[in-house]
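Numbering starts at 1 and runs along the sequence shown. Counting starts at 1 for both ligands and their atoms, following the listed order.
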Amino acid sequence: MQSTIFHTSLAYLPFRIHESPRFMFRKAAAARYRTVDSFLRFMSSSSVRPQQRYAFLSDLGLSQTTTQKGVCDGYSWYASGPKHTQINPATGEVIGTVEFGSGDDYERAVKAMLAAKEKWALTPAPVRGEVVRQIGQRIREKQHALGALVSAEMGKILPEGIGEVQEAVDICDFAVGLSRTLNGSVIPSERPGHFMMERWNPLQGCVGIISAFNFPCAVYFWNVALSLVCGNVNLWKPAETTSLVAIAFVKLVQDVLKESGHDPAVATLVCGHGKEIGEALIQDPRMELVSFTGSTAVGRHVNQVVAGRFGRALLELGGNNAMIIDQDADLDLAVRAALFGAVGTAGQRCTSLRRLFLHADVYEEVLGRLKQAYASVKIGDPLDSQTLCGPLHRPEGVKLFTTTVAKALEEGGKVLVGGQPWHGVEKGGMLSHGNFVQPTVVEVPATAKILEEEAFVPVMYVVKIKDLQEGVKMNNSVRQGLSSALFTSSPTSMFEWTGPTGSDCGIVNVNIGTSGAEIGGAFGGNKETGWGRESGSDAWKQYMRRSTCTINHSKELPLAQGINFGGGNENGGEGKIMD
Ligand code: NAD
């Protein structure tokens, strides 16, 4: 099978990669490379000097050599914490240095937010929406440079980096529409002369956003775009290793806020360590809502701390996603979806495919096709146009990969594809310091304990099932509940899978893979994935305070449930006290 399978599965990405006249970089070194392809060739060439490879940094106001301050209270950039070196995971090159925030720096940002809060909350929601519209527009203008930064710092291939930036744009667009539809409801009152309604107000406190490395900008925008139109002030603590992406985006957001005459302290940033800044944020009673995206282990702690002070936690935690390919499935579609789900972002999506359940009748056929498909996957530099599988984000990922494969073997597994770290020899050895592994498929018995864990690496387990019921049972048998997919042509199976006795996940797909969700739906998962929902549908309600308001416009004071308290109740009756 040709590598076009994978490319076709990326075809949903909403940009036309060969028609991007704006994909030009201002730096003289890169100025003559006017298309994405030629830019990719330029970036991939071993003869270019490091300064030229990272010319896109200057387009974003960043630099490889100058230390960036990692804290912004809206008015200035400052930091007094430790320095952190940002590394390209494909090459080991230094792409920048960021000075992290200290506890005092955090405090200063929170004070600025609190001072900005009331005015922003009283700004009409459609006016707030207009600001978010401009933020989306500013991101659009820098989309390719931002995508290249996401790719260089996180390690995902460039089409996925640019696709992630597009997701930020999409959610801004979504939030603009939302700013005119934060509707409350009018509820019929049982009392004469009374009017009952729900109003949605901004939160009393601040919103703290803690994000993971694997979606270094999209997760922030899922939260901040909605939260801004809802009238909140926001503090972002990004993953340590993707701080440059955070700085680049917050610079754009700040520019728009200042140019449009709004207080820039409504969107603050504190780069720093999870154990220091993250911990300060979750303990802080001024953070009414903590939106946390990351591992289940850290999320469990966040949940306990925030619940302990009666704050609100929105949790997007680990997944352990499964796909069932039933006997009546379209195997072409299914194999393409499995490949993208398992190999895309080098298996580092929360929705990456980890468990593949194959009906016995199609087992050999699907495995044969998968082996062919995997053989066509080129591992390498994510900025190289031919690459489909980039590096793991951190060196620890390679160790995790090795121990994961070893454990699967101990449990009776058999490696069908891959199974080894990958040491790039191309490009004059430039990739030899990268965190590369081979995308791997391991056949395991249905009883293997390893099926219960999320390993954030490109290892997919394959299990043979006798029927759909067994597949559904196995899908639901783990502690996580994020994304799931069934491939079938049977309408009965489709409706059973999406219904009460079907998948227990937050995302329940049919004939599409587990990864690559649209922003219009509420995104998130159940059980140890944390029950959180972000992005589309009515996820905005979590960023607001619901006020149930009853207005008496009569001259009487009737009580609910017809209670007669000391006489004078026109409704009469004894009623029941409900509250
Ligand atoms: P992680 O849990 O190691 O870190 C996430 C964030 O938490 C980072 O910003 C980190 O600095 C911070 N942090 C660490 N300790 C903290 C503490 N004590 N208090 C507060 N914050 C703290 O996760 P990761 O390795 O960056 O990301 C990978 C994980 O994230 C995977 O499990 C993946 O499935 C999950 N994820 C889930 C979703 C989702 O939507 N469900 C999306 C993306 C990633």
Side-chain angles (χ1 to χ4, degrees), residues 70 81-82 84 89 98 100-101 106 153-156 164 167 208-223 235-243 245-246 269-284 287 290-306 308 311 313-321 345-354 392-397 400 453-457 478-483 505-507 514-517 519 521-536 539:
H84 194 267
V98 175
F100 280 177
Y106 167 84
E153 195 176 37
M154 186 277 154
K156 58 181 69 176
E164 183 177 343
E167 195 169 338
I209 302 162
I210 301 178
S211 57
F213 75 81
N214 65 328
F215 275 90
C217 69
V219 166
Y220 174 57
F221 281 93
W222 288 354
N223 285 282
L235 186 144
W236 183 16
K237 206 301 282 173
E240 293 83 334
T241 46
T242 53
S243 298
V245 170
L269 170 74
V270 184
C271 294
H273 287 294
K275 287 224 162 89
E276 194 182 349
I277 302 302
E279 196 64 45
L281 189 160
I282 64 175
Q283 305 271 0
D284 189 343
M287 294 292 160
V290 174
S291 174
F292 176 85
T293 303
S295 59
T296 294
V298 179
R300 191 185 304 279
H301 168 67
V302 170
N303 197 24
Q304 285 163 354
V305 171
V306 176
L314 203 179
L315 302 171
E316 297 285 355
L317 312 180
N320 187 0
N321 316 299
T345 327
Q348 298 166 108
R349 285 178 178 234
C350 49
T351 51
S352 287
L353 177 56
R354 317 241 171 248
L392 293 173
H393 181 61
R394 295 183 281 231
E396 296 81 14
L400 176 66
E453 306 300 327
E454 177 200 48
F456 221 53
V457 291
V478 294
R479 298 185 308 279
Q480 311 84 351
L482 181 52
S483 184
C505 294
I507 296 168
T514 53
S515 60
I519 57 109
F523 181 90
N526 306 332
K527 305 191 285 183
E528 286 196 2
T529 303
W531 301 98
R533 293 295 187 276
E534 284 175 2
S535 194

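Nearest protein heavy-atom contact of atom 27 (O) of ligand 1 is Ala212 CB, 3.3 Å. When only non-hydrogen protein atoms are considered, atom 12 (C) of ligand 1 lies nearest to Ile210 CG2, 3.8 Å. Of all protein heavy atoms, the one closest to atom 18 (N) of ligand 1 is Glu279 OE1, 2.8 Å. Given atom 35 (C) of ligand 1, the protein heavy atom at minimum distance is Gly294 O, 3.2 Å. Protein heavy atom nearest atom 25 (O) of ligand 1, with residue, atom name and distance: Arg394 NH2, 2.8 Å. The closest protein non-hydrogen atom to atom 40 (O) of ligand 1 is Phe523 CE2, 3.1 Å. Scanning all protein heavy atoms for the shortest distance to atom 41 (N) of ligand 1 gives Leu317 O, 2.8 Å. Closest to atom 17 (C) of ligand 1, if we only count protein heavy atoms, is Gly274 O, 3.4 Å.
In the vicinity of Glu454, heavy-atom distances shorter than 4.0 Å reach the ligand 1 atoms 31 (C), 32 (O), 33 (C), 34 (O). Applying the 4.0 Å criterion to heavy atoms of Asn214 picks out, from ligand 1, the atoms 43 (C), 44 (C). For ligand 1 and Ile282, the ligand atoms under 4.0 Å from any heavy atom of the residue are 19 (N). Atoms of ligand 1 lying under 4.0 Å from at least one heavy atom of Glu240, given by number and element, are 10 (C), 11 (O). Below 4.0 Å from some heavy atom of Gly318 lie the following atoms of ligand 1, by number and element: 32 (O), 34 (O). If you number the atoms of ligand 1 from 1 as listed, the ones under 4.0 Å from a heavy atom of Gly319 come out as 34 (O). Close contacts of ligand 1 with Lys237, meaning ligand atoms under 4.0 Å from a residue heavy atom, involve 8 (C), 9 (O), 10 (C), 11 (O). Listed by number with element, the atoms of ligand 1 under 4.0 Å from a non-hydrogen atom of Pro238 are 9 (O).
Of the heavy atoms in Phe292, only side-chain atoms (C-beta onward) come closer than 4.0 Å to ligand 1. Neither the backbone nor the side chain of Arg349 comes within contact range of ligand 1; no heavy atom lies under 4.0 Å. Counting heavy atoms closer than 4.0 Å to ligand 1, residue His301 contributes side-chain atoms (C-beta onward) but none from N, CA, C or O. Counting heavy atoms closer than 4.0 Å to ligand 1, residue Thr293 contributes atoms from both its backbone and its side chain. By the criterion of a heavy-atom distance under 4.0 Å, neither the backbone nor the side chain of Gln480 is placed next to ligand 1. At a 4.0 Å heavy-atom cut-off, ligand 1 does not touch Glu534 at all. Neither the backbone nor the side chain of Thr296 has a heavy atom within less than 4.0 Å of ligand 1.
In this structure, the side chain of Asn320 does not engage the main chain of Gln480 through any donor-acceptor pair within 3.5 Å. No side-chain donor-acceptor contact under 3.5 Å links Ser535 to the backbone of Ala522. Of the possible donor and acceptor atoms, one in the side chain of Glu240 sits under 3.5 Å from a partner among the backbone N and O of Gly274. Remark: the backbone N or O of Phe213 is not paired with any side-chain donor or acceptor of Thr242 at under 3.5 angstrom. The backbone N or O of Ser515 sits nowhere less than 3.5 Å from a side-chain atom of Ser483 that would complete a donor-acceptor pair. Although no hydrogens or angles enter the test, the distance criterion places a donor-acceptor pair under 3.5 Å between the side chain of Glu164 and the main chain of Cys217. At distances below 3.5 Å, not a single donor-acceptor pair connects side-chain atoms of Asn321 with backbone N or O atoms of Leu353. Listed for the Lys156 side chain is no donor-acceptor partner under 3.5 Å among the backbone atoms of Phe215.
Using modelled atom types and a 3.5 Å distance limit, the side chains of His84 and Ser243 yield no donor-acceptor pair.
Expressed to the nearest 0.5 Å, how far OG1 of Thr296 lies from NZ of Lys527 amounts to 11.5 Å. Interatomic distance, Glu316 CD to Ile210 CD1, rounded to the nearest 0.5 Å: 13.5 Å. Annotation: the span from Met287 atom CE to Leu235 atom CG amounts to 4.5 Å, rounded to 0.5 Å. Taking CG from Leu482 and OG1 from Thr351, the interatomic distance works out to 6.5 Å, rounded to the nearest 0.5 Å.
At least one test fails for Lys237 against the ring of Phe292: distance under 6.0 Å to the centre or angle within 45° of the axis.
The closest approach between a heavy atom of Phe215 and any atom of ligand 1 is not below 4.0 Å.
When every heavy atom of Val290 is checked against every heavy atom of Leu281, the shortest pair comes out as CG2-CD2, 3.9 Å.
Closest heavy-atom approach to atom 6 (C) of ligand 1 among the candidates Ser352, Ala218, Ala239, Ser211: Ser211. Nearest-heavy-atom check against atom 15 (N) of ligand 1 across Leu315, Val298, Ile507 picks out Val298. One option in Gly532, Gly530, Ser295, Ser483 has a heavy atom closer to atom 2 (O) of ligand 1 than any other, and that option is Ser295.
Between Glu453 and Arg354 there is no salt bridge, since no side-chain N of the basic residue sits under 4.0 Å from a carboxylate O of the acidic one.
For a threshold of 3.5 Å applied to N or O pairs, the pair formed by Gly272 and ligand 1 contains no separation below that value.
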